[in-house]
Amino acid sequence: MAVAAAGELRVVSPATLEVVGAVPAIGPEAVQELVAEALLAQERFAPTPPAERSALLVRLADLVLDRADEIADAIVAETAKPRVEAFATELFPALDALTWLARNAPKLLAPERVRYPQLHLRHKRAQVVHEPLGVVGAITPWNFPFAIPFTQAAFAVAAGNAVVLKPSELAPLSGALVEELFAAAGAPSSLVRVAQGGAEVGAALVRAHGLGKVLFTGSGDVGRLVAAAAGERLVPITLELGGKDAMIVLDDADLARAVGGALWASFFNCGQVCSGVERIYVEGSLYEPFVEELAARARELELGPLISEEQRSRVDGLVADALERGAHAPAGGRPVDGVGWFYEPTVLVDVPPDACIEHGETFGPVVTVARVADEAAAVRAANGGTFGLGASVWTRSADRAERVGRKLRAGSVWHNDHAYSYASAQAAWGGQGASGFGRTHSRLGLLDLTSPKFVDRDPGRVPVPWWFPYDDDATLAFRGLAGVLYGSRRLETAWRERRALLAMARRYLR
Ligand code: NAD
């Protein structure tokens with residue numbers, strides 16, 4: 001976490017509450033200049049051949065590996081997450097993106113030939129080229145302070161864009177490294193810039209002239225504001241917002257695996273994960289052993305802290321509300337005494353539907369577990385609410401996983417696993433409903449960072465039958481031609497309209 005001081009963001013460890021670093025911050029008035037500089041850099045960078053862009057990404061991957069410990073130090077300093085998570089859930093997605101993009105971006109961004117089987121267009125040569133958008137403004141949260149901004153910058157640069165990144169003011173150290181690493185790997189000066197500051201700096205970025213796209217990752221409330229501001233200027237936007245992922249455990253699931261998966265997906269990063277499991281629906285008689293095992297293992301877990309006092313008291317308020325309304329906590333349920341914003345890994349059962357925790361993102365180390373009668377009830381429960389980021393189905397049956405998975409309203413559906421695909425660059429990432437729209441990662445995410453341009457080549461020798469002059473013959477001929485080209489009774493049409501078609505052919509061949 002960090003606190004604002006004049007001209008800088010001071011970073012405070014949420015575990016020890018000591019100052020562990022600082023970065024210079026800018027005011028909103030300085031953002032426009034960063035965007036203008038990035039735009040100049042992008043104009044020079046855009047013609048770079050794909051192989052050269054790939055070489056930059058490969059150099060970056062080597063650099064990230066060489067400096068992995070230093071990057072992990074920054075992540076751990078400002079979030080106090082377990083060091084293993086800094087590697088597994090921050091460095092891995094970044095490295096995977098670089099490697100996948102270096103191999104695949106050139107062919108995914110290559111011009112696509114558009115073929116014309118239509119008789120009257122057959123002489124044309126057309127293609128769609130994927131042009132960069134210019135400067136991509138990336139506004140990012142604190143929960144994965146390296147993986148999210150770095151991966152977004154890598155995709156944007158691979159597509160030929162420049163990036164101005166606004167990291168979360170609660171975790172600015174990792175964000176600062178993004179600019180530094182790109183520069184050290186030989187990216188053109190100003191191609192990737194970081195605008196450190198609070199909400200007002202993010203707002204200024206969205207309003208800046210020359211911005212080609214906004215990639216916003218964060219809460220729904222801020223996402224709505226950012227989308228409205230981008231909409232006013234008709235700047236395209238991708239929204240990666242919150243989630244309340246459901247995990248469905250069917251009665252034939254492997255209990256040990258389901259409990260292990262639930263434990264990790266609910267509590268890694270102290271539950272501060274957009275696609276963290278917040279609701280578990282267990283079918284029938286598996287409910288009791290599942291809750292018993294999950295609670296026993298949760299009680300033994302040691303987690304990192306929440307990011308701030310504010311987050312911890314918000315999460316504690318949700319738990320207290322649920323308990324007051326009749327829920328029970330077989331594990332956890334309160335803050336950990338002592339220094340730092342630690343909270344007990346918490347399992348809640350018997351949560352009534354009117355409890356506040358049922359209606360919004362918890363974003364903390366708390367998971368609710370409920371029994372469901374069958375598959376249909378599990379799907380109904382999982383699809384309740386407004387979010388649609390991720391969901392998982394736990395069963396030994398591929399058929400059941402397929403059947404249930406198809407009915408779930410989510411951007412990603414996993415089988416016997418959860419959320420892992422964020423770290424695989426070829427898997428599309430994004431949500432539905434209140435979890436946002438647009439995709440990052442994958443071919444879809446890469447193409448979303450480009451503007452498709454249709455480009456036609458015509459040697460200019462073939463006459464164009466639909467140009468002036470218009471006359472009765474032309475009207476009849478087009479009527480006939482429509483039947484010949486697109487109807488199922490082509491011969492019949494050709495015979496009926498033969499006079500007009502011949503007139504058109506004569507004109508066409510003249
Ligand atoms: P947040 O919305 O508070 O802040 C996100 C970013 O927006 C920060 O950099 C912040 O400074 C900036 N910001 C704040 N006000 C702004 C404004 N008016 N204009 C422009 N920028 C502004 O979110 P957070 O607390 O940092 O992150 C947690 C949220 O992010 C959770 O809801 C989580 O689910 C979500 N998240 C989603 C994904 C995903 O992939 N869908 C990934 C990670 C986090």
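Just so you know, residue 1 is the first one in the sequence shown, and it goes up from there. Order of listing sets the numbers, starting from 1, for every ligand and every atom in it. Any value given below was found using the heavy atoms of this structure, including those in side chains, with hydrogens, waters and symmetry copies removed.
In terms of protein heavy atoms, atom 8 (C) of ligand 1 is closest to Thr140 O, 3.3 Å. Looking only at heavy atoms of the protein, atom 40 (O) of ligand 1 is closest to Trp429 NE1, 2.9 Å. The shortest contact between atom 39 (C) of ligand 1 and any protein heavy atom is with Cys274 SG, 3.2 Å. For atom 16 (C) of ligand 1, the closest non-hydrogen atom on the protein side is Val222 CG1, 3.4 Å. Nearest non-hydrogen protein atom to atom 41 (N) of ligand 1 is Leu241 O, 2.7 Å. Nearest protein heavy-atom neighbour of atom 28 (C) of ligand 1: Phe363 CE2, 3.7 Å.
Between Asp321 and Arg325 there is a salt bridge, with a side-chain nitrogen of the basic residue lying less than 4.0 Å from a carboxylate oxygen of the acidic one.
Donor-acceptor pairing under 3.5 Å is lacking for the side chains of Gln152 and Thr140.
When only interatomic distances are considered, the shortest N/O to N/O separation between Gln311 and ligand 1 does not fall below 3.5 Å. Not a single N or O atom of Thr217, backbone or side chain, sits closer than 3.5 Å to an N or O atom of ligand 1. Close N/O approach between Trp142 and ligand 1 is found [any backbone or side-chain N/O within under 3.5 Å]. Annotation: Glu361 places an N or O atom under 3.5 Å from an N or O atom of ligand 1; distance criterion only. No N or O atom of Gly197 sits closer than 3.5 Å to an N or O atom of ligand 1.
The residue among Gly218, Gly411, Pro141 with a heavy atom at the shortest distance from atom 35 (C) of ligand 1 is Gly218. With Ser219, Ala199, Gly276 as candidates, the residue nearest to atom 23 (O) of ligand 1 on a non-hydrogen basis is Ser219.
In this structure, atom 19 (N) of ligand 1 is in close contact with the protein, since a protein heavy atom lies within 4.0 Å of it.
Put simply, part of Ser168 is less than 4.0 Å from ligand 1, judged by heavy atoms. Assignment of Pro167 to the shell around ligand 1 is supported, since a heavy atom sits closer than 4.0 Å.
At least one cation-pi condition fails for Arg409 and Phe387: the charged atom is not both under 6.0 angstrom from the six-membered ring centre and inside a 45 degree cone around its axis.
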What verdict does the salt bridge (Lys or Arg N to Asp or Glu O under 4.0 Å) test give for Lys244 and Glu361, after you've listed the backbone C-alpha separation in whole Å, the side-chain angles of each residue and the deciding distance to 0.1 Å? CA-CA 5 Å; Lys244 194 162 185 67; Glu361 189 180 34; over 6 Å; no
Before you tell me yes or no, could you show the steps for Arg10 and Glu8 under salt bridge (Lys or Arg N to Asp or Glu O under 4.0 Å), namely the whole-Å CA-CA distance, both residues' side-chain angles and the distance that decides it to 0.1 Å? CA-CA 6 Å; Arg10 236 169 256 167; Glu8 67 173 13; 2.8 Å; yes
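The residue Tyr422 has no part lying near ligand 1, judged by heavy-atom distances below 4.0 Å. Under 4.0 angstrom from ligand 1, the non-hydrogen atoms of Lys166 come from both its backbone and its side chain.
Using a 4.0 Å cut-off to heavy atoms of Asn143, the atoms of ligand 1 that qualify are 43 (C), 44 (C). Near Ile148, with a cut-off below 4.0 Å to any heavy atom, the atoms of ligand 1 are 42 (C), 43 (C). When each atom of ligand 1 is checked for a heavy atom of Gly242 under 4.0 Å away, the hits are 32 (O), 34 (O). Within ligand 1, counting atoms from 1 as listed, the ones closer than 4.0 Å to a heavy atom of Ile139 are 6 (C), 7 (O), 9 (O), 12 (C), 20 (C), 21 (N). In the vicinity of Gly202, heavy-atom distances shorter than 4.0 Å reach the ligand 1 atoms 19 (N), 20 (C), 21 (N). Listed by atom number, the atoms of ligand 1 under 4.0 Å from Val226 heavy atoms are 19 (N), 20 (C).
The aromatic rings of Phe363 and Trp142 lie perpendicular to each other, with more than 60° between the two planes, well past the 30° mark. Below 30°, between 30° and 60°, or above 60°: for Tyr422 and Trp429 the angle between ring planes is above 60°, a perpendicular geometry. A tilted orientation is assigned to the rings of Trp414 and His418, their planes being inclined by 30° to 60°.
Just one of Arg279, Arg314, Glu278 meets the side chain to side chain donor-acceptor pair (under 3.5 Å) condition when paired with Thr362; it is Glu278.
A donor-acceptor pair under 3.5 Å links the side-chain atoms of Asn269 to the main chain of Asn143, judged by distance alone. No side-chain donor-acceptor contact under 3.5 Å links Lys81 to the backbone of Leu303.
For Glu232, the CD atom is loosely surrounded, since the number of other residues' heavy atoms within 6.0 Å does not exceed 12.
Scanning all heavy atoms of the two residues, the minimum distance from Ile307 to Gln272 falls at N-OE1, 3.0 Å. Residues Gly175 and Val194 approach most closely at O-CG2, 3.4 Å, considering heavy atoms.
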